[in-house]
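The sequence lines fix the lettering, A, B, ..., with proteins before strands; numbering per chain opens at 1.
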Number of protein chains: 2
Amino acid sequence: MANPQDRYAIIVEKFRKKSLKLTPQRLAIAKILALSKGHPSVEEIFEQLKKTFSTMSLATVYRNVLLLKSFGEVLELSFPDGSNRYDGNRPYPHPHVICIKCGAIVDPALDALKDLTHLVAKETGFQILTHRFDFFGICRRCQNSDKK
Amino acid sequence: MANPQDRYAIIVEKFRKKSLKLTPQRLAIAKILALSKGHPSVEEIFEQLKKTFSTMSLATVYRNVLLLKSFGEVLELSFPDGSNRYDGNRPYPHPHVICIKCGAIVDPALDALKDLTHLVAKETGFQILTHRFDFFGICRRCQNSDKK
DNA sequence: TTCTTAAAAGATAATAGTTATTATTTATTA
DNA sequence: TAATAAATAATAACTATTATCTTTTAAGAA
Ligand SMILES: [Mn+2]
Ligand SMILES: [Mn+2]
Ligand SMILES: [Zn+2]
Ligand SMILES: [Zn+2]
């Protein structure tokens, strides 16, 4: 996991470079995404920020997440049920392990993937640009709570 | 690729076993999915069937695809842009290679994956149930048409 | 074949997550 | 402090999918 402070600084610098205003709402959203503890959803970010910004609008969260996506500073994980989760700490393709019971998402250490990309390119003739690897299952905590 | 006739027979047998009616529309949808040439979308299935069934309703396609999903006889591939594609020929998790230009989806031969699942289970403590592996890129045909 | 009926089709309304719009507010700079 | 371009907040619009409801039909019985 990248250092959240570093990631935050990188994102703020991007805003500066593009002469975008550093509003408190925008910076707060960036801070949450730079940490990205547990890959938050837009709704979760919104709920968290409502405590600090009483007038916070859901549209503002969507707008800024979209903006950061366009900069390549946040990775969007969209799921079949329509929900989206975000990783602003590691904004590049990497595998994820998702608990189908509690929704927890973790980043596993898994290296054997660039080989796969090359293999696929060779076999299909595609020029591979990105990928998405998701493992779905039940996390340790949910396995234990099932046994009760 | 499984034999489309075999897949069709398996699906029809499932309908029979569950005492579901074998309507012409339902059977036509099953036939297209059993072939699954290019992983069709609901819209594509609908457009194709309108030629034969002038009164065909989009809702009927959705309803039957949903039904086949619930039987485990079709694999749904949902994408970030909201589009869904279906594989009724191989209705179990397997990797896909997707062209971001023309939307082509192919099934690559790629075996080194069950190992990965075990690796991830071991490392994270998750009980892994299913997965989704997508490679995004540009197909050979689109690479060539770009050069023009 | 005709009758009966539960299920499916067709048409359309509802839903939900996201994006667009617009008036108001605000960060930035001079 | 004042000017202004951009962001916010509130809400409308959008779109793919699902639900609802009426009409039609497949399938089994007589
Ligand atoms: Mn991640
Ligand atoms: Mn496939
Ligand atoms: Zn869990
Ligand atoms: Zn292509």
Round to a whole Å and report the spacing from CG of Leu49(A) to P of dA9(D).
10 Å
Could you check how far CD of Glu43(B) sits from P of dT15(D), rounded to whole Å?
13 Å
When you match Gln25(B) and Asp81(B) each to their closest nucleotide on DNA chain D, which lands nearer the 5' end?
Asp81(B)
Base, sugar-phosphate or nothing for Leu20(B)? Non-hydrogen atoms, less than 4.0 Å.
sugar-phosphate
Separation of atom CG in Leu66(A) from atom C1' in dA7(D), rounded to whole Å
14 Å
Same hydrophobic cluster for Met56(A) and Leu33(A), using side-chain heavy-atom links shorter than 4.5 Å among ILVMFWY?
yes
Whole angstrom is fine here: how far is it from CD1 in Ile29(B) over to P in dA8(C)?
12 Å
To the nearest angstrom, how far is Phe79(B) atom CZ from dG17(C) atom C1'?
19 Å
Distance check needed: dT17(D) P versus Arg85(B) CZ, whole Å only.
12 Å
Should the ring pair His39(A) and His96(A) be called parallel, tilted or perpendicular, given that the plane angle runs from 0 to 90° and is split at 30 and 60?
perpendicular
Closest to the side chain of Arg63(A), out of dA10(D), dA27(C), dA19(D), is dA10(D)
Do Phe46(A) and Phe53(A) have ring centroids that are under 6.0 Å from one another?
no
From dT26(C), dA9(D), dT12(C), pick the nucleotide closest to the side chain of Lys21(A)?
dT26(C)
On DNA chain D, compare the nucleotides closest to Thr23(B) and Asn84(B); which residue's is nearer the 5' end?
Asn84(B)
Just checking Pro80(B): base, sugar-phosphate only, or nothing, at a heavy-atom cut-off of under 4.0 Å?
nothing
From OH of Tyr62(A) across to C1' of dT18(C) the rounded distance in Å is 5 Å
Asn64(B) CG to dA26(D) P: how many Å, rounded?
14 Å
Just checking, any donor-acceptor pair under 3.5 angstrom between side chains of Asn89(B) and Arg7(B)?
no
